[in-house]
Amino acid sequence: MDLSLITSLYRAEPYLAAYTGHVRRVAAQVRSAGLSLELVIVANDATDRERALLAPLVAAGEAGELAVQVLHVPRETIYASWNRGVRAARGRYIGVWNADDVREAGALVEGYRRISEGCALVYFPYVILRERRWWGLFTTRRMIDVPARPFDRAAFERTSRTGTFYLFDRALYDRVGPFDERFHIAGDFEWLVRAGRLVDFCAGDSLGGVFTQGARNLSGTGDPRQNVEDNIVHLRGGNWNALKPADPRLMRACWDEWGRQDADPPPEIADRLWGPGADERWRRWQRRQRLKPWDEALRAGPRFVIDRTGLRPLLARLGVVKSASRSQE
């Protein structure tokens with residue numbers, strides 16, 4: 001088996017029909033390139049509806065379109081499911097496929113080739129599909145191109161820059177160790193930081209896929225644990241400049257319960273996160289985040305009208321907007 005992709009599912013009914021179609025399309029393209037593809041689905045506490053929606057993929061596996069494993073488990077963290085999927089996978093090279101995202105076959109084929117040539121992990125440019133529903137009145141969709149920036153270890157430790165469409169050699173996973181299953185949101189970032197200390201990542205050229213970012217998608221956007229878990233990664237690495245305000249009580253509780261490894265941070269860093277004044281810093285940060293949608297709305301309204309009326313190319317020629325392509329705005 002050449003490639004294995006792991007999908008962790010929990011209450012994913014709204015996405016499974018489209019996901020199934022994307023998987024079958026990509027599998028056919030990968031097969032036409034002469035590679036074999038396996039899908040390992042870890043279904044957490046699956047509902048009857050989820051089981052029914054997975055049936056076409058199981059049938060596709062039985063028909064030889066691709067190899068399919070469906071593992072039914074009680075609910076666990078996504079990173080426990082990813083570790084379970086890696087253990088079950090038979091492929092030489094491994095990636096993940098979130099059910100609300102779309103992967104592209106070209107990146108899988110390129111990733112296979114690049115790893116075969118010596119790369120341990122390959123990441124790709126991708127597109128963010130940002131969907132917003134504004135006060136129940138209208139919905140905007142914005143495509144944002146994210147390039148595969150050259151690998152820089154310090155920059156990649158400050159913030160996750162690989163996207164979700166990377167591929168890695170199984171041998172790298174064996175060196176780095178499993179994903180930390182105590183994380184709920186930032187476990188992939190934490191694993192990538194560990195991996196990046198062992199090897200240089202390789203930037204690919206092919207489009208990795210489309211990452212959906214919206215109110216209904218499965219990512220942890222807006223969850224207060226995001227800052228907490230990102231901070232735990234930075235605290236473990238001594239990357240103090242990357243720390244962000246976080247809920248002080250949750251920050252201290254997670255650090256004490258499972259985040260700490262060798263030692264506590266310096267007293268001044270601990271005070272910044274959960275000492276005097278940390279509550280107010282967290283509230284100020286939350287207020288700034290709440291204002292962001294209003295700023296975005298001021299831009300989204302005119303953009304929505306321009307795109308719906310087809311005026312963007314004309315306005316770009318007149319210099320009113322920056323680009324004739326919405327993804328470049």
Side-chain angles (χ1 to χ4, degrees), residues 1-7 15 18-40 57 60 65-67 82 85-86 89-130 141-153 155-156 159-173 188-189 191-192 195-196 199-213 217 219 323 325-329:
M1 188 64 60
D2 296 316
L3 300 165
S4 290
L5 297 177
I6 298 160
T7 297
Y15 311 98
Y19 165 78
T20 296
H22 295 314
V23 166
R24 297 181 72 175
R25 170 183 59 82
V26 167
Q29 293 169 340
V30 169
R31 189 170 63 250
S32 69
L35 300 177
S36 56
L37 177 65
E38 175 185 53
L39 187 67
V40 182
L57 271 180
E65 294 182 28
L66 73 165
W82 285 9
V86 172
R90 294 168 292 180
R92 296 171 60 190
Y93 310 140
I94 298 172
V96 297
W97 189 335
N98 297 324
D100 52 343
D101 296 339
V102 180
R103 289 201 75 130
E104 294 296 335
L108 296 176
V109 175
E110 181 188 347
Y112 177 87
R113 175 180 59 81
R114 297 287 300 277
I115 297 176
S116 298
E117 293 170 348
C119 291
L121 184 147
V122 188
Y123 59 100
F124 302 92
Y126 63 98
V127 172
I128 296 174
L129 170 58
R130 181 172 293 166
R141 291 164 56 92
R142 187 182 179 196
M143 307 291 282
I144 304 170
D145 293 320
V146 182
R149 296 179 177 87
F151 180 69
D152 175 86
R153 185 163 285 104
F156 277 59
T159 183
S160 182
R161 296 189 175 200
T162 63
T164 61
F165 303 106
Y166 52 89
L167 282 176
F168 56 86
D169 192 332
R170 178 185 289 275
L172 176 64
Y173 179 88
D188 47 342
F189 176 39
W191 187 88
L192 288 162
V199 298
D200 290 344
F201 300 164
C202 299
D205 297 317
S206 303
L207 177 67
V210 179
F211 172 79
T212 302
Q213 188 181 77
N217 77 313
S219 68
S323 172
S325 171
R326 182 169 56 180
S327 65
Q328 302 297 321
E329 278 289 293

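Scope of the values below: all heavy atoms of this structure, side chains included, with no hydrogens, waters or symmetry mates.
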Output yes when D200 and R153 qualify as a salt bridge under the 4.0 Å nitrogen-oxygen rule, no when they do not.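 Judged by the 4.0 Å cut-off on N to carboxylate O distance, D200 and R153 do form a salt bridge.
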
Taking the basic N atoms (NZ, or NE/NH1/NH2) and the acidic carboxylate oxygens, is any pair closer than 4.0 Å for R25 and E104?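 Counted as a salt bridge, because a side-chain N and a carboxylate O are separated by less than 4.0 Å.
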
Considering non-hydrogen atoms only, spot the tightest contact between [X] and [Y] and give its length.
X    : Y    : result
V30  : A105 : CG2-CB, 4.0 Å
P125 : S206 : CD-O, 3.2 Å
L57  : V23  : CD2-CG1, 3.7 Å
G208 : A107 : CA-CB, 3.8 Å

Would you sort out whether R103 and L108 count as a side chain to side chain contact (heavy atoms under 4.5 Å, CB included), showing the intermediate values? CA-CA 8 Å; R103 289 201 75 130; L108 296 176; 3.7 Å; yes

Going through the distances and angles, do I94 and L167 end up as a side chain to side chain contact (heavy atoms under 4.5 Å, CB included)? CA-CA 6 Å; I94 298 172; L167 282 176; over 6 Å; no

R161 and Y123: side chain to side chain contact (heavy atoms under 4.5 Å, CB included), yes or no, with the steps? CA-CA 9 Å; R161 296 189 175 200; Y123 59 100; over 6 Å; no

For the rings on [X] and [Y], is their centre-to-centre separation under 6.0 Å?
X    : Y    : answer
F165 : W97  : no
W82  : Y173 : no
F124 : Y166 : no

Taking D2 for the side chain and S36 for the main chain, is one N or O donor matched with an acceptor at less than 3.5 Å?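 Between the backbone of S36 and the side chain of D2 there is a qualifying donor-acceptor contact (under 3.5 Å).
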
Residues in side-chain contact (heavy atoms from CB on, under 4.5 Å) with R31, at least two apart?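 R31 satisfies side-chain contact (heavy atoms from CB on, under 4.5 Å) with A28, E65 once adjacent residues are dropped.
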
Can you list the steps and then say if D101 with T164 is a side chain to side chain contact (heavy atoms under 4.5 Å, CB included)? CA-CA 9 Å; D101 296 339; T164 61; 3.6 Å; yes

Listed partners of S160 passing side-chain hydrogen bond (donor to acceptor under 3.5 Å, both in side chains), at least two apart: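 For S160, no residue satisfies side-chain hydrogen bond (donor to acceptor under 3.5 Å, both in side chains) once neighbours in sequence are set aside.
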
